[in-house]
Protein chains: 2
Amino acid sequence: MSLPHALLTALAERPGSGSELAARFDKSIGFFWQATHQQIYRELARLEEAGFVESLPEESTRGRKRAYRILPSGRKELKRWINQHDEPAALRDELMVRLRAEAAVGPTGLDKQIERRLAVHQDKLALYRRIESRDFQGHEPKGREAELHHLVLKAGIRFESHWIEFLAEALEVLKRAVA
Amino acid sequence: MSLPHALLTALAERPGSGSELAARFDKSIGFFWQATHQQIYRELARLEEAGFVESLPEESTRGRKRAYRILPSGRKELKRWINQHDEPAALRDELMVRLRAEAAVGPTGLDKQIERRLAVHQDKLALYRRIESRDFQGHEPKGREAELHHLVLKAGIRFESHWIEFLAEALEVLKRAVA
DNA sequence: CATAACATGTAATGAGTTACATGATTAA
DNA sequence: TTAATCATGTAACTCATTACATGTTATG
């Protein structure tokens with residue numbers, strides 16, 4: 001469970017309110033760890049409870065921005081967590097189950113689905129590439145932090161490319177298998 | 001949510017008890033959709049409730065195997081589900097969050113973690129390749145069902161290869177960034 | 001000043017995980 | 001025949017999702 005630490009990371013990069021964090025999630029860390037605003041508000045409250053972050057103003061704010069920032073203990077916790085062991089995220093994809101199901105009770109015309117997924121991944125890849133050419137143009141070193149951000153983005157690019165290649169192969173297999 | 005349909009698929013391939021399904025999950029569909037035995041038992045009970053599967057014996061079995069098999073309505077439901085739209089599984093990986101955290105508050109020596117993950121993925125890749133050479137040796141067509149099973153396995157192989165490539169790059173970047 | 005957009009929050013639900021319990025079968 | 005293992009099951013809990021509610025700020 002990484003959401004609290006994803007939030008601590010975002011706040012370590014820059015203070016912000018819940019809604020700002022939600023917006024930032026949508027275009028950086030969120031590529032690899034999504035969260036709805038409800039999760040974010042709840043988790044921020046917990047982090048404050050635990051003393052890892054603080055927020056202003058003190059009194060209850062309904063409708064008004066609440067400014068969060070990370071505290072030293074939060075940074076410490078984040079550093080501790082970074083080197084915790086983790087298992088690879090379990091690969092869980094409905095499409096794989098659908099392919100097995102297609103094998104068992106098909107054919108059902110699954111290639112339509114696959115073409116749709118292909119388009120989704122192509123769009124995502126295009127988005128990542130746009131971000132890359134905007135934020136990481138030159139190939140010369142740009143400092144440790146930027147290099148690591150670039151690395152994470154390149155993971156996304158690899159991942160989407162992987163899917164596109166696989167889905168193209170899947171289409172071929174499906175067409176061949178029908179004939 | 002695919003667990004019920006993963007179970008229907010497994011039962012369409014071959015009838016079995018809860019524990020047998022759990023064991024099969026561990027080495028086929030389970031590569032892409034995991035479930036604990038508790039989930040499986042609960043979900044099998046729901047599927048029976050819904051009339052998609054039936055089980056013997058009728059009376060309560062605590063400690064004794066309960067044999068499940070799929071019913072026609074279960075097959076029908078499975079066919080219907082195959083062509084439901086699905087979104088790509090959200091990519092959610094703690095390591096990506098750790099890399100961002102490392103960028104924000106590091107360096108912390110994250111390369112140890114990455115080497116560990118690298119080993120995990122190399123092991124998995126080796127396992128998948130063993131399965132491939134055991135079950136899908138020849139390159140000649142082996143029928144629709146086998147081709148689709150092979151396809152799913154190849155997705156796993158691609159996926160693990162992707163991770164290995166990425167983690168190797170990550171190691172390079174981390175070493176370079178420290179220096 | 002009315003309305004839309006924004007920001008925070010509550011409540012209900014469900015999937016998935018963990019810990020534990022109990023009956024049946026197998027092996028020492 | 002006792003212990004270990006297998007098979008099924010119950011209970012409690014957490015994360016994540018969905019729907020909804022309420023207040024504040026910006027805009028015409």
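Convention: sequence-line order gives letters A, B, ...; per-chain numbering from 1.
Atom CG of B:L21 and atom CD1 of B:I40 lie 6.5 Å apart (nearest 0.5 Å).
By the 30° and 60° cut-offs, the orientation of the rings of B:F159 relative to B:W163 is perpendicular. The aromatic rings of B:Y128 and B:F32 lie tilted to each other, with the angle between the two planes from 30° to 60°.
Rounded to whole angstrom, the span from the CD1 atom of B:I40 across to the C1' atom of D:dT8 amounts to 12 Å. Between the P atom of C:dG14 and the CZ atom of B:R42 lies a distance of 11 Å, rounded to the nearest Å. Following rounding to the nearest Å, A:Q38 (CD) and C:dA11 (P) show an atom-to-atom distance of 13 Å. Across the protein-nucleic acid pair, B:L3 atom CG and D:dA16 atom C1' stand 17 Å apart, rounded to whole Å. If you take CZ of B:R24 and P of D:dA7, they are 13 Å apart, rounded to a whole angstrom. Atom P of nucleotide D:dT8 and atom CD of B:E48 are separated by 13 Å, given to the nearest angstrom. A straight line from CD of A:E43 to C1' of C:dG9 spans 15 Å, rounded to a whole angstrom. The NE2-P distance, from A:H37 to C:dA11, rounds to 14 Å in whole Å.
Using a 4.0 Å cut-off between a side-chain N of Lys or Arg and a carboxylate O of Asp or Glu, B:R46 and B:E49 do not qualify as a salt bridge. A salt bridge links A:R158 to B:E169: at least one charged side-chain nitrogen sits closer than 4.0 Å to a carboxylate oxygen.
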Are there any protein N/O atoms within less than 3.5 Å of an N/O atom in nucleotides 1-4 of chain D, and if so, which ones and at what distance?
none

What are the atom names and distances for every N/O pair under 3.5 Å that joins the protein to nucleotides 3-7 of chain C?
from  : atom 1 : to    : atom 2 : distance (Å)
C:dA7 : OP1    : A:K65 : NZ     : 3.4
C:dA7 : O5'    : A:S19 : OG     : 3.4

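Remark: the backbone N or O of B:P4 is not paired with any side-chain donor or acceptor of B:E43 at under 3.5 angstrom. Of the possible polar contacts, none joining the B:Q122 side chain to the B:E160 backbone as a donor-acceptor pair under 3.5 Å is found. Judged by distance alone, with hydrogens and angles left aside, the side-chain atoms of A:E147 form no donor-acceptor pair with the main-chain N or O of A:G143 at under 3.5 Å.
Nearer to the 5' terminus of DNA chain D, by closest-nucleotide assignment, is the contact made by B:A67 (compared with the other of B:A67 and B:R92).
Side-chain N/O atoms of B:Q39 include one lying less than 4.0 angstrom from OP1 or OP2 on C:dT17.
Checked by atom type, the side-chain pair A:R66/A:T61 shows a donor-acceptor distance below 3.5 Å.
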